[in-house]
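Worksheet for the structure shown next.
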Protein chains: 2
Amino acid sequence: MTAPSTKASPPAARRRRKNNPESVRADILAVATREFSEKGLSGARIDEIAEKTRASKRMIYYYFNDKETLYLHTLEAAYQKVRLQEAELDLDHLAPLEALSRLVRFTFCHHAKNPDFIRLVMIENIHHGRFLAQSELIQSLNAGVIDVLTNVYSRGVEEGCFREGLDPRELHWLISALSFFNVSNQHTFSRIFDWHQAAPENQQKLEDHVTDMVMRYVRPN
Amino acid sequence: MTAPSTKASPPAARRRRKNNPESVRADILAVATREFSEKGLSGARIDEIAEKTRASKRMIYYYFNDKETLYLHTLEAAYQKVRLQEAELDLDHLAPLEALSRLVRFTFCHHAKNPDFIRLVMIENIHHGRFLAQSELIQSLNAGVIDVLTNVYSRGVEEGCFREGLDPRELHWLISALSFFNVSNQHTFSRIFDWHQAAPENQQKLEDHVTDMVMRYVRPN
DNA sequence: TCAACAATGTACGAAATGGTACGTTCAGTC
DNA sequence: GACTGAACGTACCATTTCGTACATTGTTGA
């Protein structure tokens with residue numbers, strides 16, 4: 001029975017319940033991201049997400065209608081975050097060689113630093129991309145990535161430091177593949193070949209190899 | 001009440017129940033492979049596996065103790081199958097360039113033709129490779145892969161058609177990454193970039209690019 | 001000030017799900 | 001042919017898990 005201090009005026013110390021929809025929603029989404037990325041759509045438990053949230057299970061169903069919708073929002077939020085980070089990359093003022101090399105290293109490091117995102121994409125692929133297909137948001141977000149590469153690549157071809165005839169989309173595919181695999185298959189690869197792939201020195205080596213590989217692939221002759 | 005014909009002698013037409021342990025076990029494993037690779041460890045349902053089997057749920061628990069053990073056996077069987085197919089590859093009598101190129105194409109095609117295996121590895125990575133770690137069988141199976149590559153690579157270096165200083169294990173990593181990603185991320189990549197990656201002509205293009213990329217990576221200078 | 005709607009807590013329900021108890025049939029041996 | 005252990009079927013149980021009904025509290029605008 002803590003007396004509510006001066007009923008409605010200041011956002012004072014303790015109130016019985018402070019409504020804060022946006023924060024609750026964000027909190028749920030953050031917890032859901034961890035849970036889904038860790039255990040997958042079917043492995044994650046709504047009750048467990050609820051427990052780890054400041055809110056209650058009721059709130060999950062209040063803001064997101066059901067488990068699958070929550071998962072979809074999680075996926076969308078993850079893609080949005082990625083695009084925001086990518087947008088910071090400014091390659092237009094760099095020479096093509098330098099720009100491409102930086103893009104590759106950025107992608108590699110970015111994936112390595114965001115395993116949650118990678119895992120969500122893995123999980124989404126296990127589900128045949130069925131949720132991603134429902135999301136117009138994600139579709140629209142990803143147009144720009146290819147544009148950046150197209151720009152860099154065509155500049156490079158003009159200047160003669162890249163060979164002709166490559167498709168920017170396929171180039172993006174190659175860069176993605178190497179950067180993605182580094183995170184997605186780290187556990188099995190490390191265990192099978194008894195090689196601590198996550199160790200900083202090995203990560204550095206892989207980053208160099210991946211960059212080197214792409215650069216060798218695009219250079220003339 | 002079909003009268004059992006001449007009680008015990010010939011393996012005649014219809015009997016009430018024909019005990020066939022090995023076949024039942026194999027059947028369960030085959031169904032489990034499909035279910036686990038399709039829906040993951042937590043997504044697959046024992047009841048559903050049982051339904052799709054000629055046997056009953058009781059038999060699953062009879063031969064495999066619980067869900068996780070069944071999953072582990074599924075994983076082991078998948079790895080075994082892969083190694084058997086790889087063993088058919090005979091590269092020792094080929095020139096290094098030809099041998100490496102063939103190895104890359106083989107890996108790429110093999111992965112493409114065995115999405116179940118790829119998906120199981122994805123799922124295993126979602127579980128941090130925790131089951132693979134329990135299996136001495138899988139650990140032992142995978143030693144040979146690197147040996148083959150080491151052989152080809154060192155021959156190539158001697159003959160001067162490969163550059164020095166590369167680590168066969170890292171080379172294997174690169175080949176795996178490109179071949180694996182082609183299957184594992186097909187759904188999200190196709191959907192995001194509105195590109196039918198699974199189409200034969202695109203698969204052919206990717207196979208060529210991947211091979212090309214590896215060959216350019218190892219060649220001298 | 002007070003109605004009206006938004007936000008939240010509590011308790012519960014129904015179905016799904018992993019696993020088991022218990023009984024029956026098969027197949028080889030003495 | 002009786003006996004024994006392996007192979008198998010049926011029915012069931014205990015828990016988990018998604019989701020909801022219902023009551024309550026906060027907030028905002030007229």
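Below, chains carry the letters A, B, ... as their sequence lines are ordered, and counting in each starts from 1.
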Original post:
Is a side-chain donor or acceptor of B/Glu124 paired with a backbone partner of B/Leu132 at a separation under 3.5 angstrom?
Top reply: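 Yes, B/Glu124 side chain to B/Leu132 backbone: donor-acceptor pair under 3.5 Å.
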Just by distance, do the side chain of A/Tyr79 and the backbone of A/Leu141 share a donor-acceptor pair under 3.5 Å?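 No, the answer is negative, given that no donor and acceptor are paired below the 3.5 Å cut-off.
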Shortest non-hydrogen pair, B/Ile123 vs B/Gly40, comes out as CD1-CA, 3.5 Å
Expected list for residues 22-48 of chain A near DNA chain C, using heavy atoms below 4.0 Å, is A/Val24
Does this structure show an ion pair linking [X] with [Y], if we count only N-O contacts that are shorter than 4.0 Å?
X        : Y        : result
B/Asp208 : B/Arg105 : yes
B/Lys57  : B/Asp47  : yes
A/Glu35  : A/Lys39  : yes

**Q.** Centroid separation A/Tyr217 to B/Tyr217 less than 6.0 Å
**A.**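 Here the rings of B/Tyr217 and A/Tyr217 have centres that are no less than 6.0 Å from each other.
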Between CD of A/Glu51 and C1' of C/dG9 the distance, given in whole Å, is 15 Å
Contact check, residues 54-72 of chain B vs DNA chain D, heavy-atom distance under 4.0 Å, returns B/Ser56, B/Arg58, B/Met59, B/Tyr62, B/Tyr63
#### Entry: Residue list, ring-ring contact (aromatic ring centres under 6.0 Å, His included) with A/Tyr62, at least two apart or on another chain
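For A/Tyr62 there are no ring-ring contact (aromatic ring centres under 6.0 Å, His included) partners, ignoring immediate neighbours.
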